[in-house]
Amino acid sequence: MAIQRTFSIIKPDATARNLTGKINAKIEDAGLRIIAQKRIHMTKEQAEGFYGVHRERPFFNDLVSFMISGPVVVQVLEGEDAIAKYREVMGATNPENAEPGTIRKEFAESIEANSVHGSDAPETAAQEIPFFFSDDEIVG
Ligand code: RTP
Ligand code: MG
């Protein structure tokens, strides 16, 4: 399996509970390297653009409101099979269905306030990384 990059967000529910370090430990323990990271407060326009694929979904407005409700930490992760590996470390979207030991099982509050985002495919990662990072902010 090739070395890949994936895009991650530590969501407002997690930053509010001061969980950035604990989540980063799970990422690093899985063998993924944090090669870019910054704490930002997303604008409404950024959140709407980032989640544009979900525009028609019933939860879109709530999701945008949630993502701008507090600071987030955006990251680029690098490692072997990073996209699928991070999805595994995250656990299922709904924490009730997440495997023990995953970030969402341990930390998520609900299907919406589920602590982390991770790209779901190479094409998604290739769009999401430059949405928040310029090349010189990523140090592999
Ligand atoms: P993410 O994009 O954040 O990594 O999560 P995901 O792939 O596991 O889930 P996705 O289907 O892409 O949904 C994006 C985010 O929208 C919120 N959501 N709310 N209220 C609901 O039924 C509902 N469903 C999804 C979650 O924050 C989810 O992560
Ligand atoms: Mg998704």
Side-chain angles (χ1 to χ4, degrees):
M1 213 353 131
I3 299 292
Q4 287 180 328
R5 289 179 177 184
T6 191
F7 176 72
S8 159
I9 306 177
I10 300 177
K11 295 185 179 182
D13 68 286
T15 61
R17 287 174 292 146
N18 214 17
L19 291 171
T20 300
K22 287 195 169 122
I23 290 172
N24 280 350
K26 282 197 175 289
I27 289 170
E28 293 182 338
D29 287 349
L32 295 167
R33 193 172 290 276
I34 301 163
I35 61 168
Q37 173 167 269
K38 60 188 171 188
R39 181 170 157 110
I40 61 170
H41 200 136
M42 270 194 221
T43 64
K44 188 161 183 273
E45 291 65 37
Q46 274 178 313
E48 285 174 348
F50 181 77
Y51 280 117
V53 293
H54 294 314
R55 199 170 285 276
E56 304 306 324
R57 307 276 284 276
F59 58 79
F60 178 74
N61 288 328
D62 285 345
L63 175 59
V64 168
S65 300
F66 166 59
M67 290 302 290
I68 65 174
S69 67
V72 299
V73 176
V74 291
Q75 304 174 310
V76 181
L77 312 181
E78 185 175 75
E80 196 137 306
D81 201 13
I83 295 167
K85 185 177 282 179
Y86 188 43
R87 299 286 295 187
E88 226 170 82
V89 173
M90 288 162 56
T93 309
N94 185 343
E96 285 178 17
N97 304 326
E99 294 293 327
T102 61
I103 292 169
R104 283 167 168 169
K105 187 64 173 191
E106 284 194 20
F107 303 127
E109 296 182 308
S110 67
I111 190 170
E112 177 179 84
N114 60 5
S115 303
V116 281
H117 162 86
S119 306
D120 57 15
E123 308 77 58
T124 328
Q127 287 175 345
E128 292 178 348
I129 291 169
F131 195 90
F132 287 103
F133 289 99
S134 57
D135 284 346
D136 66 333
E137 292 176 308
I138 304 168
V139 183

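Note that the structure is predicted; figures quoted are calculated from it, not measured. Reckoned from all heavy atoms, side chains included, excluding hydrogens, waters and symmetry mates. For ligands, and for the atoms within them, numbers begin at 1 and follow the listed sequence.
- Below 4.0 Å from some heavy atom of Tyr51 lie the following atoms of ligand 1, by number and element: 3 (O).
- Side-chain contact between Leu77 and Arg33: absent, with no pair of heavy atoms (C-beta onward) separated by less than 4.5 Å.
- Each of the following atoms of ligand 1 lies closer than 4.0 Å to a heavy atom of Met90: 4 (O).
- Closest to atom 20 (N) of ligand 1 among all protein heavy atoms lies Phe59 CB, 3.7 Å.
- At the shortest separation from atom 1 (P) of ligand 1 among protein heavy atoms lies His117 ND1, 3.1 Å.
- Contacts with ligand 1 closer than 4.0 Å are made by side-chain heavy atoms of Arg87 only, the backbone lying farther away.
- At a 4.0 Å cut-off, at least one heavy atom of His54 sits close enough to ligand 1 to count as contact.
- Among all protein heavy atoms, the one lying closest to atom 3 (O) of ligand 1 is Lys11 NZ, 2.9 Å.
- Within the 4.5 Å cutoff, no side-chain heavy atoms of His117 are placed close to those of Met67.
- Between Ile9 and Phe50, some side-chain heavy-atom pair lies under the 4.5 Å cut-off.
- Contact check for Glu48 versus Arg55: side-chain heavy atoms found under the 4.5 Å cut-off.
- Protein heavy atom at the shortest distance from atom 26 (C) of ligand 1 is Ile111 O, 3.2 Å.
- When heavy-atom distances to ligand 1 are checked against a 4.0 Å cut-off, Phe66 has no atom that comes that close, whether in backbone or side chain.
- Residue Gly118 has at least one heavy-atom neighbour below 4.0 Å for each of these atoms of ligand 1: 4 (O).
- Side-chain contact, Glu137 with Ser134: a donor N or O sits under 3.5 Å from an acceptor N or O.
- No side-chain heavy atom of Asn114 sits less than 4.5 Å from a side-chain heavy atom of Asn94.
- Contacts between Arg104 and ligand 1, counted as non-hydrogen atom pairs separated by less than 4.0 Å, involve the side chain only.
- Taken from NZ in Lys22 to CD in Glu106, the straight-line distance is 9.5 Å, to the nearest 0.5 Å.
- Ring geometry for Phe132 against Phe7 counts as parallel: the plane angle stays under 30°, on a 0 to 90° scale with 60° as the upper cut.
- For atom 27 (O) of ligand 1, the closest non-hydrogen atom on the protein side is Glu112 O, 2.8 Å.
- The shortest N or O to N or O distance between Leu63 and ligand 1 is not below 3.5 Å.
- The pair Arg17-Glu109 counts as a salt bridge, with a side-chain nitrogen and a carboxylate oxygen less than 4.0 angstrom apart.
- His41 contributes a side-chain N or O that, together with a main-chain N or O of Ile68, makes up a donor-acceptor pair within less than 3.5 Å.
- Closest to atom 6 (P) of ligand 1 among all protein heavy atoms lies Thr93 OG1, 3.5 Å.
- Residue, atom and distance of the protein heavy atom nearest to atom 28 (C) of ligand 1 are Asn114 ND2, 3.6 Å.
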